[in-house]
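Taking it in order: structure first as structure tokens, then the write-up.
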Amino acid sequence: MSLSRRTSSSAPASRRTSSMGVSRAVTVLAGAGALSVLLLSGTAFAHVSVQPQGEAAKGGYATVNFKVPNERDTASTVKLEVNLPTEHPLASVLPQPVPGWTVQVTKSKLAKPLEVHGNKITEAVSKITWTAAGGKIGPGQFQQFPVSLGQLPENADQVVFKAIQTYDNKEVVRWIEVPQEGKEAALPAPVLELTAAAEGHHGGTGDAKNEKAEQTDKTAKDAHHDKGSTAGSESKAASGDDSDGTARVLAVIGIVVGAAGVAFGVLAGRRRVA
């Protein structure tokens, strides 16, 4: 009897111990899950990104914004470095001034020169650096840095820019991981998606040709209009000359008829007198 009582009394204790272990495991897993959600949401929504103003067509020019959010609650962003791709060098890179920030453009020599509008380009911009000079990106804020880029590559669907973000507490975040399909990057690099070029056009060159064609067509229309106007003017002038000639003839006839009438009256008067 005593043995059976000890056995029955120890069973609930073991169950309680097992239940406590399960509860602790559930708590740990829940905490880990919450932490992973926070981390993933941070990398998904608060990373440095690049977006075009309008479209970024292959082979053309575009103005883009590098958007930099502040991820820290107790520090401010004071520096941004954007590295431009070397596999697709861009001959024209023009940053727009941002109040409270200085900008430095770094150029590097190209291993293979570029041919742009008949000119040979031997160097291209490899890095743009914005440094706070009175301004900063505080907690809960973001800043956009506009840049004009071109010519964009014709044989690529996207352009990857690696960015480095520096805080005033000396922390450095490197957004340099190239996104891969099916894999989520913890620190993804900014990616500019390119749209298809218009049919028969290659970015700015095609636009220039189109504008030239439109100008030629407009010139031809203007010339035709001017020719028609000139012909109309000549016709009106000729019509006016004819009218003037007719008026002169009628005037002369009127004068002759009037003179004849006067002469007839004079002769008639003399006959009465005689």
Check: Is there a side chain to side chain contact (heavy atoms under 4.5 Å, CB included) between His47 and Leu187 once you walk through the steps?
Finding: CA-CA 7 Å; His47 59 274; Leu187 298 171; over 6 Å; no
Notebook entry, point to check: What's the shortest heavy-atom distance between Lys107 and Glu123, and which atoms?
Noted result: CD-OE2, 3.7 Å
Margin query: When you group the ILVMFWY residues by side-chain heavy-atom contacts below 4.5 Å and let the links chain together, are Val98 and Phe161 in the same group?
Written below: yes
Checklist line | 4.5 Å side-chain heavy-atom contact, Val93 and Leu84 | finding: yes
Check: So do the side chains of His88 and Asn155 get within less than 4.5 Å of each other, counting heavy atoms only?
Finding: yes
Next item on the list: Nearest 0.5 Å please: distance from the CG atom of Leu152 over to the CD atom of Gln158.
Entry: 13.0 Å
Check: Looking only at atom types and distance, does a side-chain atom of Asp168 sit under 3.5 Å from a main-chain N or O of Thr77, one as donor and one as acceptor?
Finding: no
Item checked: Val68 side chain near Ile137 side chain, heavy-atom distance below 4.5 Å -> yes
Notebook entry, point to check: Does any non-hydrogen side-chain atom of Pro97 lie less than 4.5 Å from one of Val103?
Noted result: no
Notebook entry, point to check: Does the pair Tyr167 and Ser76 meet the rule for a side chain to side chain contact (heavy atoms under 4.5 Å, CB included), with working shown?
Noted result: CA-CA 5 Å; Tyr167 291 87; Ser76 299; 5.8 Å; no
Check: Who passes side-chain contact (heavy atoms from CB on, under 4.5 Å) against Val105, sequence neighbours left out?
Finding: Pro95, Val125
Next item on the list: Evaluate side chain to side chain contact (heavy atoms under 4.5 Å, CB included) for Leu194 paired with Asp157, printing each intermediate quantity in order.
Entry: CA-CA 5 Å; Leu194 303 181; Asp157 295 325; 5.7 Å; no
Margin query: Using modelled atom types and a 3.5 Å cut-off, is there a donor and acceptor pairing between side-chain atoms of Glu177 and backbone atoms of Ala186?
Written below: yes
Margin query: Is there a side chain to side chain contact (heavy atoms under 4.5 Å, CB included) between Gln144 and Phe66? Walk through the geometry before answering.
Written below: CA-CA 5 Å; Gln144 294 193 118; Phe66 288 96; over 6 Å; no
Notebook entry, point to check: Would a 4.5 Å heavy-atom cut-off, applied to side chains only, mark Val159 and Pro153 as touching?
Noted result: yes
Notebook entry, point to check: Regarding Thr129 and Glu81, is there a side-chain donor-to-acceptor distance under 3.5 Å anywhere?
Noted result: no
Check: Any side-chain heavy-atom pair from Val64 and Leu192 closer than 4.5 angstrom?
Finding: yes
Check: Quick check: are there more than 12 heavy atoms from other residues, nucleotides or ligands sitting under 6.0 Å from CD of Glu171?
Finding: yes
Item checked: Glu193 side, atom CD; Glu55 side, atom CD - distance, nearest 0.5 Å -> 13.0 Å
Next item on the list: Indicate yes or no: at least one non-hydrogen side-chain atom of Thr102 is less than 4.5 angstrom from one of Thr131.
Entry: yes
Note to self: Let me confirm one number: the CG-CG distance from Leu149 to Leu94, rounded to the nearest 0.5 Å.
What the structure shows: 8.5 Å
Next item on the list: Answer yes or no: is there a side-chain heavy-atom contact under 4.5 Å between Val48 and Pro190?
Entry: yes
Check: Minimum heavy-atom separation for Pro89 to Ala124, with atom names?
Finding: CB-CB, 4.1 Å
Item checked: Euclidean distance, Gln141 CD relative to Lys136 NZ, rounded to 0.5 Å -> 8.5 Å
Next item on the list: Could you pull out the closest heavy-atom pair between Pro139 and Thr74, with the gap in Å?
Entry: CG-N, 4.4 Å
Item checked: Results of ring pair (Phe, Tyr, Trp, His ring centres under 6.0 Å) for Phe145 - residues two or more places apart only -> Trp101, Trp130
Notebook entry, point to check: How many angstroms lie between atom CD1 of Ile121 and atom CG of Leu90, to the nearest 0.5 angstrom?
Noted result: 12.0 Å
Next item on the list: Report the distance from atom OH of Tyr61 to atom OG of Ser92, rounding to the nearest 0.5 Å.
Entry: 5.5 Å
